[in-house]
Every structure is written in C-alpha cells, then in structure tokens.
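This report concerns only the one structure given below.
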Amino acid sequence: MVAPDPTRAVARSKNLTRAAGAVSAAFVLGLAGLWLTSDPAPSTAPAKAGAVSDPLSTRRNASGEARPTEPAAPLPPVGRDRPFLDPAGAATAAYASGDYATSLAQFQAAIARNPQDADSLSNLGQVLVRLNRPADAIPYLQRAVAIAPDRWAYQFNLARALGLMGRMAESIQTYRQAQELFPDDYVTAFNLALALHKNGDEAGAVEQYQKAITLQPEDASFRKALGTSYERLQKRAEAAAAYQEYLRLSPAAADADKVRARIAELTGSGPSTPPAQPERF
C-alpha cells in the first residue's frame, strides 16, 4: 500500500502479497494504486512485477492496490514521529483489512488534530479514491502537495485522481512532476504513458512506454501498450514487433491468439492503415 519516495521516505508494504493479474482489455484510464505513506528509507531499484489488470494499475497486491518498488531498509514503527496516530497504525490497518469507513474516520481525526499532516491528507485522499470518490479526494491531495511538493507519492497520488476525473492535462503535468522527483520509477513512466495515450499524444506515450520498458524489461503489458500507440501512429512494423515481444514474454496470455492474429494483419494481408481504434485484446 505504500509508495517509495526518493526525497523523503514513503513505504509500508513489505508484508503485503505481490500482485498478479491479467492485462486489461481496454486501453483506458483506470486505477493506479493507493499508496499510504509513512516514514522509511526507500530503494530506487525497480521491483520485478507481473501483469496488470487495468492500464493504470501497474502493480497490485492481493487487495487490489497498486505497488511500486519495495523499500530496502527495515521500516520504523508507524506513528513514531506522529504521536497523534495510533502507534499500531489503526488507519492503515483498517484500510488493509478493507474497512474503509474506519480508515476514513481515522485519517479525518488525524487531520483534525493536525491540519498540516501531509501524510494523512494524502492517505485520506487515497481512501476516498478507493471509495470511488476521486472528486472529493482531489482537494486533500492538493493540500498534501502544497505542504510538501517534493514528495513523489503526493504528486503521483494527485496525478492519478486527476486522471480518474478526466482532467488529463493536469494529470499529465502532475505525473511529470512526480517523474522529476523519481525518474527511475517504471510505475510513473507507465502511468504517464497511458495518460498521454488517453490524451491523444501517442508520440509522447511511446517515449514513456520505452522508458518504462527500459526500467522494467520483463513486463509484457508494457509491450502491448506500446504496440497500441505504434498502431495509432501508423507504424505497423513497430507495432507488430512490440506485440511479438509481448508474446515472447507472455506466451500463455489469454489473448495470445488475438495478438497473433493482429500481428498477421500488420505484417501480411491486413488493412493498409491501422483502424481508427486499434484492436482491443
């Protein structure tokens, strides 16, 4: 549930199970993760991860939340520097158990005690997003960013909520700010690419997909998304190559036969130009 932050530590997910899931059938903006913040020191080395269940949820744990790089160092006790929170991490524990109402109330209480508690502001925003209330979440996320604009997790969380509301230009700008803070995070690069794709900037999306692939070369879903943007740019050979890499990395994918058929169209007797809407697998 926790995100690493290269400027000030954020992570608390060592005890969560790793994610796996199917690649989304639709290339549309979806969830990108709920990162509840605390205070450990992270590693910026990207963690190996599996496929995704929707475009913007690049890594999920068993509860359905996105997961970025794991921290390298042991975590300090939750609440050590935040005495107004339960040292046992009641709000975070409630969230992890799916008790979002209790988690929401705990973070609201923390903010009432300390309106400048940026961690709780960001975490409250993420709980609201999890409750399908991104419009309500955005003001809290913006307050967290205003208090600590150099926190990668805050920028990332805000970018995600803006994307869910269809505020794509703002989402893209905020993802770029997050990327400046954590340039080696493949999650940020992939989510930025998908936001650019949704906003019609396929050339920009290709650049960010390629960055995500460089940082996390074994993730098949990145190749498939890259192929879609290449199709939009009418680069048939590049799209076919990207799809072939997808199959190499994920030969038993549920959509493998459809991807093979699409490759045949792109390289053989298919239409001379890609469809207005590329094939959805």
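Positions are given from 1 along the sequence. Here the structure is a predicted model, which means the values were calculated and not measured.
In this structure, Glu245 CD and Arg223 CZ are separated by 5.0 Å, a value rounded to the nearest 0.5 Å. If you take CG on Leu158 and CD1 on Ile138, they are separated by 7.0 Å, rounding to the nearest 0.5 Å. Atom-to-atom distance recorded for Asp136:CG and Leu124:CG is 9.5 Å, nearest 0.5 angstrom. Here the CG atom belonging to Asn123 is positioned 8.0 Å from the CG atom belonging to Asp117, to the nearest 0.5 angstrom. With rounding to the nearest 0.5 Å, the separation of OG in Ser120 from CD in Gln108 is 11.0 Å. If you take CG on Leu192 and CD on Glu207, they are separated by 9.0 Å, rounding to the nearest 0.5 Å.
Each of Asp119, Thr174, Ile147 was scored for a side-chain contact (heavy atoms from CB on, under 4.5 Å) with Tyr154, with one residue passing: Asp119. Remark: of the listed residues Lys235, Glu238, His197, His197 is the sole one forming a side-chain contact (heavy atoms from CB on, under 4.5 Å) with Ser229.
Nearest approach of Met165 to Pro134, heavy atoms of both residues: SD-CG, 3.6 Å. Between Ala135 and Pro139, the shortest heavy-atom distance links the atoms O-CD, 3.3 Å. Taking every heavy atom of both residues into account, Gln155 and Ala178 meet most closely at CB-CB, 3.8 Å. Residues Pro251 and Ala256 come closest through the heavy atom pair O-CB, 3.8 Å. Considering every non-hydrogen atom in both Ala118 and Ala144, the closest pair reads O-CB, 3.6 Å. The minimum heavy-atom distance between Gly125 and Ala137, with the atom names listed, is O-CB, 3.1 Å.
Although no hydrogens or angles enter the test, the distance criterion places no donor-acceptor pair under 3.5 Å between the side chain of Gln106 and the main chain of Thr92. A donor-acceptor distance shorter than 3.5 angstrom exists from the side chain of Arg236 to the backbone of Glu265, with no hydrogens or angles considered. A donor-acceptor pair under 3.5 Å links the side-chain atoms of Ser103 to the main chain of Ala91, judged by distance alone. In this structure, Asn114 contributes its side chain and Gln116 its backbone to a donor-acceptor pair below 3.5 Å. Checking side-chain atoms of Lys211 against main-chain N and O of Pro183 turns up a donor-acceptor pair under 3.5 Å. For Thr267 (side chain) and Ile263 (main-chain N/O), a donor-acceptor pair under 3.5 Å exists by modelled atom type.
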Q | Derivation of the side chain to side chain contact (heavy atoms under 4.5 Å, CB included) call for Phe156 and Asn191 | A | CA-CA 9 Å; Phe156 184 98; Asn191 285 7; 3.1 Å; yes

Q | Derivation of the side chain to side chain donor-acceptor pair (under 3.5 Å) call for Gln179 and Thr188 | A | CA-CA 6 Å; Gln179 192 172 62; Thr188 304; over 6 Å; no

Q: For Asp255 and Lys258, run salt bridge (charged side-chain N to carboxylate O under 4.0 Å, His left out): C-alpha distance rounded to whole Å, both residues' side-chain angles, the deciding distance at 0.1 Å, then the answer.
A: CA-CA 5 Å; Asp255 60 356; Lys258 289 184 177 181; over 6 Å; no

Q: Please test Arg262 against Glu231 for salt bridge (charged side-chain N to carboxylate O under 4.0 Å, His left out), starting from the C-alpha separation and ending with a verdict.
A: CA-CA 11 Å; Arg262 186 61 187 154; Glu231 284 205 67; 2.4 Å; yes

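Between Arg167 and Glu170, at least one side-chain N (NZ, or NE/NH1/NH2) sits under 4.0 Å from a carboxylate O, which counts as a salt bridge.
No path of Ile, Leu, Val, Met, Phe, Trp and Tyr side chains, each step under 4.5 Å between heavy atoms, connects Tyr230 with Leu249, placing them in separate hydrophobic clusters. One hydrophobic cluster, built from ILVMFWY side chains closer than 4.5 Å, holds both Leu196 and Leu233.
Cation-pi geometry between Arg143 and Tyr140 is not met: the NZ or CZ atom fails to fall both under 6.0 Å from the ring centre and inside 45° of the normal.
Using the six-membered ring where Trp is involved, Phe190 and Tyr209 have ring planes that are tilted, between 30° and 60° apart. Using cut-offs of 30° and 60° for the angle between ring planes, the Phe222 and Tyr186 rings count as tilted.
In this structure the side chain of Gln177 never reaches within 4.5 angstrom of the side chain of Leu181, judged on heavy atoms. Looking at heavy atoms from C-beta onward, Leu141 lies in side-chain contact with Ser122 at the 4.5 angstrom threshold.
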